[in-house]
Undergrad: 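Below are the structure tokens for one structure; questions will follow.
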2 protein chains.
Amino acid sequence: MSDPPEKPELSANLSREEAVALRDSFDPEERERVESTVAELLDLLGKAHAMAVLSAFAFAGEPLRFSDLESDIDIAPNTLSARLQDLTGAGLLDRTAYDEIPPRVEYTPTEKAEALFPVFAHLHHWAIEHDLSADGTTDEDGGE
Amino acid sequence: MSDPPEKPELSANLSREEAVALRDSFDPEERERVESTVAELLDLLGKAHAMAVLSAFAFAGEPLRFSDLESDIDIAPNTLSARLQDLTGAGLLDRTAYDEIPPRVEYTPTEKAEALFPVFAHLHHWAIEHDLSADGTTDEDGGE
DNA sequence: GTCCATATACTTGCGACTTCGAAGCTTCGA
DNA sequence: TCGAAGCTTCGAAGTCGCAAGTATATGGAC
């Protein structure tokens, strides 16, 4: 369920020039759509814990429940609820409620969300090599 | 161990399994550091417009000034100011003030920040293939 | 020679929106 | 009656946006 192998690379190691060139190859109209989609996406991901939630899914590799997320992430339940609604509303998560007692609800990332997961892998990878503690002593690897 | 420890590509197209395996290959101690760095990073990037700011640098490819960012991004000056401080504080941006009149200040992404840029390229790329408009009618691309 | 507008990079005040934390709600089995 | 799961509600606190102000020196108007 997690690996659509036929998917084009969607690789995130595009260089800036390539990305810019690609973007510029579109009609102004399409380009504007992309711009505003990026802005929307940045806005959505910018909300509290949105990325943490998606990140949890990226690493879990299976559906997660409200309480799973609640214990994985340090987040207030109302905020989690709001974020989950934002994310399902944006078509990144699917919500499935099972009519059992006690009630069970599973959230599953959509394909759109899975296309985003390499980002979280990259962030994780970044954290392995870097640090955020201001004094940045961890960046001793010779870049390019 | 699939990755030689010296300098793995930092590529963002790592699969989840690879990322998890890599992470799990560390001591518990190092692993915890990574976890908390990721959490911090997610927290920082989650603040309003933090990603938009970094994204601007990622696509600009040159130092940017306060007013550049102010016009590129739809952001209030106090928020931009706060974000710039957060980012420089985290060692992602360097601030250089030129003692001229009118004053000029340039912000330059550090190497740490540049290591993050593929993420923004990926996000942009994602936006080319996907949409965020709730009804998710755009995900008919090569889907299953 | 003096006064004002301009430019840049911010800061301040205040109101609005967002998030937090704890508690409550619902249904049913033990 | 309690607990379990998934929320919702409430008041308090934090964050953000908007408009305006600050500091300095150059250039023009008078």
Side-chain angles (χ1 to χ4, degrees), chain A residues 36 39-57 60 62-90 92-109 132, chain B residues 36 39-57 60 62-90 92-110 132 134:
Chain A
S36 74
E40 272 179 77
L41 179 62
L42 255 27
D43 219 59
L44 176 62
L45 296 183
K47 292 187 167 189
H49 306 295
M51 291 207 295
V53 169
L54 286 176
S55 189
F57 282 102
E62 59 179 4
L64 292 176
R65 304 165 58 172
F66 191 94
S67 48
D68 293 333
L69 292 162
E70 208 173 359
S71 50
D72 280 5
I73 311 166
D74 189 34
I75 184 176
N78 49 358
T79 308
L80 177 55
S81 181
R83 218 50 61 225
L84 252 13
Q85 282 181 32
D86 293 343
L87 259 16
T88 56
L92 292 174
L93 255 30
D94 277 337
R95 195 193 117 116
T96 313
Y98 296 89
D99 209 4
E100 305 169 356
I101 294 295
R104 182 164 60 99
V105 180
E106 283 187 349
Y107 293 90
T108 317
L132 212 42
Chain B
S36 75
E40 273 180 75
L41 179 62
L42 255 27
D43 219 59
L44 176 62
L45 296 183
K47 292 186 167 189
H49 306 295
M51 292 207 295
V53 168
L54 286 176
S55 189
F57 282 102
E62 59 179 2
L64 292 176
R65 303 167 56 175
F66 192 92
S67 48
D68 292 334
L69 292 162
E70 207 172 357
S71 50
D72 279 6
I73 311 166
D74 190 32
I75 185 176
N78 52 355
T79 308
L80 177 55
S81 182
R83 219 49 63 222
L84 253 11
Q85 283 182 33
D86 293 343
L87 260 15
T88 57
L92 291 175
L93 254 30
D94 277 337
R95 192 192 120 119
T96 313
Y98 296 90
D99 209 4
E100 306 169 355
I101 294 295
R104 182 163 59 101
V105 179
E106 282 188 350
Y107 293 89
T108 317
T110 65
L132 211 42

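The figures here come from the full heavy-atom set of this structure, side chains too, leaving out hydrogens, waters and symmetry mates. Naming convention: chains lettered A, B, ... in sequence-line order (proteins, then strands); numbering from 1 in each chain.
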Undergrad: Using only side-chain N and O atoms of Y107(A), determine if any of them is under 4.0 Å from OP1 or OP2 of dA5(D).
TA: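 Checking dA5(D) against Y107(A), no side-chain N or O comes under 4.0 Å of OP1 or OP2.
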Undergrad: DNA chain C: D74(A) or P102(A), which has the more 5' nearest nucleotide?
TA: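 Going by which nucleotide is closer to the 5' end, it is D74(A).
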Undergrad: Choosing from dC18(D), dT8(D), dC20(C), which nucleotide comes nearest the side chain of P77(A)?
TA: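 The answer is dT8(D), which lies nearest to the side chain.
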Undergrad: What is the distance, rounded to the nearest whole Å, between atom CG of D68(A) and atom C1' of dA5(D)?
TA: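 D68(A) atom CG is separated from dA5(D) atom C1' by 11 Å.
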Undergrad: I'd like to know if the side chain of R83(B) reaches the main chain of A48(B), judged simply by a donor and an acceptor atom lying under 3.5 Å from each other, with no hydrogens or angles considered.
TA: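 Present.
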Undergrad: Mapping P103(A) and R95(B) onto DNA chain C by nearest heavy atom, which one lands closer to the 5' end?
TA: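 Upstream on the strand: R95(B).
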Undergrad: Can you measure I101(B) atom CD1 to dT6(C) atom P for me and round it to whole angstrom units?
TA: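 Answer to the nearest Å: 18 Å.
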Undergrad: Do the side-chain N or O atoms of S81(B) get closer than 4.0 angstrom to the phosphate oxygens (OP1, OP2) of dT11(C)?
TA: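 So the side chain of S81(B) is within the cut-off, an N or O lying under 4.0 Å from OP1 or OP2 of dT11(C).
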Undergrad: Sub-3.5 Å donor-acceptor pair from the side chain of S81(B) to the main-chain atoms of P77(B), do we have one?
TA: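 Not at all, since once roles are kept as given, no pair shorter than 3.5 Å links the two residues.
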Undergrad: Could you state the CG-P distance from N78(A) to dG24(C), rounded to the nearest angstrom?
TA: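 My rounded result for the distance is 16 Å.
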Undergrad: Can you see if the side chain of T79(A) gets near the phosphate of dC20(C) - specifically, an N or O under 4.0 Å from OP1 or OP2?
TA: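 Yes, T79(A) has a side-chain N/O under 4.0 Å of OP1/OP2 on dC20(C).
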Undergrad: Counting only side-chain N and O atoms of R104(A), is one of them less than 4.0 Å from OP1 or OP2 of dG6(D)?
TA: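 No.
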Undergrad: Specify the separation, in whole Å, of atom CG of L44(B) and atom C1' of dT15(D).
TA: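 Going from L44(B) (CG) to dT15(D) (C1'), I get 15 Å.
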Undergrad: From CD1 of I75(A) over to C1' of dG21(C), roughly how many Å is that when rounded to an integer?
TA: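 Answer to the nearest Å: 13 Å.
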Undergrad: With a 3.5 Å distance limit and no angle check, can you tell me whether T88(B) reaches the backbone of D94(B) through a side-chain donor-acceptor pair?
TA: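 No, because the side chain of T88(B) does not come within donor-acceptor range (under 3.5 Å) of the backbone of D94(B).
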Undergrad: Within this structure, what is the NE2-to-C1' distance between H49(A) and dC20(C), rounded to whole angstrom?
TA: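 Nearest whole value for this atom pair: 9 Å.
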Undergrad: Verify the contact: side-chain N or O of Q85(A) to OP1 or OP2 of dG6(D), cut-off strictly under 4.0 Å; return yes or no.
TA: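 Checking Q85(A) against dG6(D): no side-chain N or O falls below 4.0 Å of OP1 or OP2.
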Undergrad: Please determine whether a side-chain nitrogen of the Lys or Arg among D68(B) and R65(B) lies less than 4.0 Å from a carboxylate oxygen of the Asp or Glu.
TA: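 Answer for the salt bridge query: no.
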Undergrad: Look at R83(A) and dT19(C) and indicate whether a side-chain polar atom (N or O) is within less than 4.0 Å of OP1 or OP2.
TA: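 Result: yes.
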Undergrad: Rounded to the Å, how far apart are L64(A) CG and dA5(D) P?
TA: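 In whole Å, dA5(D) P lies 15 Å from L64(A) CG.
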Undergrad: Between OG of S67(A) and CG of D72(A), what distance do you get to the nearest 0.5 Å?
TA: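 If we round to the nearest 0.5 Å, S67(A):OG and D72(A):CG are 9.5 Å apart.
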Undergrad: Could you give the CD-to-C1' distance, from E100(B) to dA23(D), as a whole number of Å?
TA: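 After rounding, the reported distance stands at 16 Å.
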Undergrad: Whether Y98(B) contacts dT24(D) is assessed here as follows: a side-chain N or O lying under 4.0 Å from the phosphate OP1 or OP2. Is that the case?
TA: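 The answer is no; no side-chain N or O of Y98(B) sits under 4.0 Å from OP1 or OP2.
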